[in-house]
Amino acid sequence: MSVAVPFAPSPTGLLHVGNVRLALVNWLFARKAGGNFLVRLDDTDEERSKPEYAEGIERDLTWLGLTWDRFARESDRYGATDEVAAALKASGRLYPCYETPEELNLKRASLSSQGRPPIYDRAALRLGDADRARLEAEGRKPHWRFKLEHTPVEWTDLVRGPVHFEGSALSDPVLIAEDGRPLYTLTSVVDDADLAITHVIRGEDHLANTAVQIQIFEAVGGAVPVFAHLPLLTDATGQGLSKRLGSLSVASLREEEGIEPMALASLLAKLGTSDAIEPRLTLDELVAEFDIAKVSRATPKFDPEELLRLNARILHLLPFERVAGELAASVWMMPTPAFWEAVPNLSRVAEARDWWAVTHAPVARRRTIPLFLAEAATLLPKEPWDLSTWGTWTGAVKAKTGRKGKDLFLPLRRALTGRDHGGQLKNLLPLIGRTRAHKRLAGETA
RNA sequence: UGGGAGGUCGUCUAACGGUAGGACGGCGGACUCUGGAUCCGCUGGUGGAGGUUCGAGUCCUCCCCUCCCAGCCA
């Protein structure tokens with residue numbers, strides 16, 4: 001049986017690094033196994049689901065290069081659960097309840113104040129036909145709960161090893177809302193069963209859900225998939241990600257922070273695993289190194305600083321072809337490989353703009369200039385210039401003026417670029433050109 | 001409160017009950033020098049208290065801290 005994994009985000013907000021890490025891990029798992037990566041938008045919550053969030057999810061996955069083999073919306077599958085629901089009702093596993101949300105809140109509050117867990121008391125199970133008839137006559141409509149077996153639920157988790165829950169410690173979940181809408185707990189099982197999902201890899205916040213859903217899989221006669229629950233990511237201070245999203249959305253990392261997709265992927269594929277976090281330029285490399293057994297059980301912290309450092313390292317490694325598009329968008333001109341070579345130690349592609357200004361726009365004149373620069377200007381070779389020009393020229397200046405080391409190079413750098421630091425002048429000089437170089441050495445704005 | 005999980009250098013992790021190691025960061029040095037690149041070195045840790053043991057990060061007891069679930073959300 002070929003591997004099939006679902007990634008099922010709900011389009012109720014922007015994807016954050018925690019969500020997309022799960023997408024990446026699922027994708028890596030599927031690709032490593034030669035299986036299918038299936039995306040399902042869990043948009044059954046009509047109030048909170050928004051089309052723009054659905055688009056955002058597609059955009060984020062595409063940006064990262066996480067190709068899917070199927071893209072579906074739960075809302076297009078209304079009716080898919082009807083048959084299953086009818087069967088569960090017939091067998092008595094799905095039973096009607098008539099409490100209002102207010103009544104349920106009251107029950108929970110009461111139980112909590114008694115120091116008891118707020119588990120549903122199954123009062124509706126004790127209702128007779130007459131009771132139900134009376135309630136419906138009052139205009140009440142039922143919602144439907146799944147009757148859990150009060151037996152142990154056990155599975156071997158790919159990340160956590162053996163997991164054990166007592167059915168009696170769990171609350172009978174509502175599967176069908178009062179308005180007839182099937183809820184996530186049901187739709188997800190039915191979809192997984194229909195698609196022959198083999199592995200479900202999700203956050204550990206779903207642990208109790210899994211215990212419940214295993215019983216549902218069994219009740220509907222579906223094959224129970226293998227489960228893996230990853231620890232949730234927290235931010236650098238240990239706070240949960242969903243609580244303080246903001247800058248950690250994939251969209252903001254891409255559009256505001258200038259993060260490269262492979263920087264994010266390199267970090268998220270390795271964070272919380274026994275592998276060292278190192279820059280990788282292709283997803284293929286990450287697939288080759290991926291092994292879910294390397295994922296640890298502890299909660300990893302996601303540090304944006306670490307991501308930015310990785311971004312810088314990735315940028316040093318990326319060849320011109322891989323950044324040309326982004327570079328062009330950033331500097332508004334058509335950059336060249338020589339320019340990419342000359343640009344120094346960027347953390348973000350957008351920083352190249354500053355160096356485009358140095359090589360292709362006037363640099364303001366300097367107030368004071370060392371006298372030897374005039375002499376240096378006269379020694380400037382004739383064009384055409386290439387990468388050897390800097391060496392021959394500075395050699396000549398050195399011979400003529402006797403200056404060397406920092407006394408020689410720093411004034412030249414300041415005059416030519418207007419800055420104390422930057423990329424190798426060997427690379428920059430030909431891009432600046434003789435005309436500008438000559439004027440800048442004379443202290444003119446050029 | 002009930003259920004579930006977790007706690008090893010600042011961070012991510014490794015260690016059949018047998019020298020607590022690696023990676024990142026930080027610090028220092030080297031590269032006759034753009035270094036926020038690269039290379040090399042150094043730094044730094046088992047949440048706490050008992051116990052078992054020749055020997056404990058690892059096993060036992062108690063304690064502390066953190067996270068998740070306990071929705072007619074997903």
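Sequence lines set the chain letters: A, B, ... in the order given, protein chains first and strands last, and positions in each chain run from 1. As a basis for the values below, the full set of heavy atoms in this structure was taken, side chains included, without hydrogen atoms, waters or symmetry mates. Not measured: the values here are computed from a predicted model.
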Between [Y] and [X], is there a salt bridge with N-O shorter than 4.0 Å?
X: A/Arg181; Y: A/Glu46; result: no
X: A/Lys301; Y: A/Asp303; result: no
X: A/Asp194; Y: A/Arg77; result: yes
X: A/Glu257; Y: A/Arg348; result: yes
X: A/Arg70; Y: A/Asp76; result: no
X: A/Arg322; Y: A/Glu260; result: no
X: A/Arg280; Y: A/Glu278; result: yes

Strictly by Watson-Crick or wobble contacts shorter than 3.5 Å, is anything paired with [N], and which nucleotide is it?
N: B/rA56; value: none
N: B/rG6; value: B/rC65
N: B/rU1; value: B/rA70
N: B/rG35; value: none
N: B/rG44; value: none
N: B/rU11; value: B/rA23

To the side chain of [X], which of [options] is closest?
X: A/Arg108; options: B/rG71, B/rU11, B/rU13; answer: B/rG71
X: A/Pro101; options: B/rG6, B/rA37, B/rC72; answer: B/rC72
X: A/Arg181; options: B/rC72, B/rC73, B/rU34; answer: B/rC73
X: A/Arg309; options: B/rG25, B/rG2, B/rC72; answer: B/rG25
X: A/Tyr184; options: B/rA74, B/rC24, B/rG36; answer: B/rA74
X: A/Glu178; options: B/rC72, B/rU34, B/rU11; answer: B/rC72
X: A/Ser296; options: B/rU13, B/rA37, B/rA5; answer: B/rU13
X: A/Leu183; options: B/rG35, B/rG25, B/rC72; answer: B/rC72
X: A/Ala298; options: B/rG7, B/rC72, B/rA74; answer: B/rG7
X: A/Pro344; options: B/rC12, B/rG3, B/rU34; answer: B/rU34

### Query
Angle class for the A/His206/A/Tyr184 ring planes (parallel below 30°, perpendicular above 60°, tilted otherwise)?
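A/His206 and A/Tyr184: tilted rings.
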Would you measure the distance from the [atom1] atom in [N] across to the matching atom in [M] and give it in whole Å?
N: B/rA30; M: B/rC65; atom1: P; value: 49 Å
N: B/rC24; M: B/rU19; atom1: C1'; value: 25 Å
N: B/rU46; M: B/rU58; atom1: P; value: 13 Å
N: B/rC27; M: B/rA20; atom1: P; value: 29 Å
N: B/rU61; M: B/rC68; atom1: C1'; value: 26 Å
N: B/rG6; M: B/rG25; atom1: P; value: 30 Å
N: B/rC16; M: B/rA56; atom1: C1'; value: 14 Å
N: B/rC9; M: B/rA15; atom1: C1'; value: 15 Å

Atom-to-atom span, [atom1] of [X] to [atom2] of [N] - whole angstrom:
X: A/Phe165; N: B/rG3; atom1: CZ; atom2: C1'; answer: 7 Å
X: A/Tyr53; N: B/rC73; atom1: OH; atom2: C1'; answer: 15 Å
X: A/Asp235; N: B/rU11; atom1: CG; atom2: P; answer: 13 Å
X: A/Leu315; N: B/rG36; atom1: CG; atom2: C1'; answer: 13 Å
X: A/Leu268; N: B/rU13; atom1: CG; atom2: P; answer: 14 Å
X: A/Ile314; N: B/rC24; atom1: CD1; atom2: P; answer: 14 Å
X: A/Glu154; N: B/rG4; atom1: CD; atom2: C1'; answer: 14 Å
X: A/Asn427; N: B/rG35; atom1: CG; atom2: P; answer: 15 Å

Using a heavy-atom cut-off of 4.0 Å across all strands, would you classify [X] as base, sugar-phosphate, or nothing?
X: A/Glu47; answer: nothing
X: A/Thr44; answer: sugar-phosphate
X: A/Asp42; answer: sugar-phosphate
X: A/Gln424; answer: base
X: A/Ser112; answer: nothing
X: A/Arg48; answer: base
X: A/Gly422; answer: base
X: A/Ser347; answer: base

### Message
I'd like to know whether A/Arg413 forms a salt bridge (Lys or Arg N to Asp or Glu O under 4.0 Å) with A/Asp420, so could you lay out the CA-CA distance, the side-chain angles of the two residues, the decisive distance to 0.1 Å, and finally the verdict.
### Response
CA-CA 7 Å; A/Arg413 169 174 293 281; A/Asp420 289 354; over 6 Å; no
### Task
Please name all residues satisfying ring-ring contact (aromatic ring centres under 6.0 Å, His included) with A/His316, sequence neighbours left out, ordered by chain then number.
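Per chain and number, A/His316 pairs via ring-ring contact (aromatic ring centres under 6.0 Å, His included) with no residue.
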### Query
Between A/Asp45 and A/Glu351, who's closer to the 5' end of RNA chain B by nearest nucleotide?
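Between the two, 5'-proximity favours A/Glu351.
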### Query
Which sits closer to the 5' end of RNA chain B, A/Thr185 or A/Leu232, going by the nucleotide each is nearest to?
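Of the two residues, A/Leu232 wins.
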### Polar side chain donor-acceptor pair, A/Tyr98 to A/Glu103, under 3.5 angstrom
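No - no donor-acceptor pair under 3.5 Å links their side chains.
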### Message
Quick test of the criterion, 5.5 Å between centres and less than 30° between planes. Is A/His229 stacked on B/rG4 or not?
### Response
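Ring-base stacking flag not set for A/His229 and B/rG4.
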### Query
Could you write nucleotides 27-33 of chain B as a row of B, S and -, 5' to 3', where a protein heavy atom under 4.0 Å of any base atom gives B, of only sugar-phosphate atoms gives S, and otherwise -?
-------
### Query
Can a donor-acceptor pair under 3.5 Å be found between the side-chain atoms of A/Ser274 and the base atoms of B/rG22?
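No, the side chain and the base share no sub-3.5 Å donor-acceptor pair.
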### Task
Look at the side chain of A/Asn209 and the base of B/rA74, then say whether one donor and one acceptor between them are separated by less than 3.5 Å.
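Answer is yes: a donor-acceptor pair is held.
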### Message
Would A/Arg40 pass as a cation-pi partner of A/Phe7, given that its NZ or CZ must be under 6.0 Å from the six-membered ring centre and within 45 degrees of the axis?
### Response
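No; the conditions do not both hold, so A/Arg40 does not lie above the ring face of A/Phe7.
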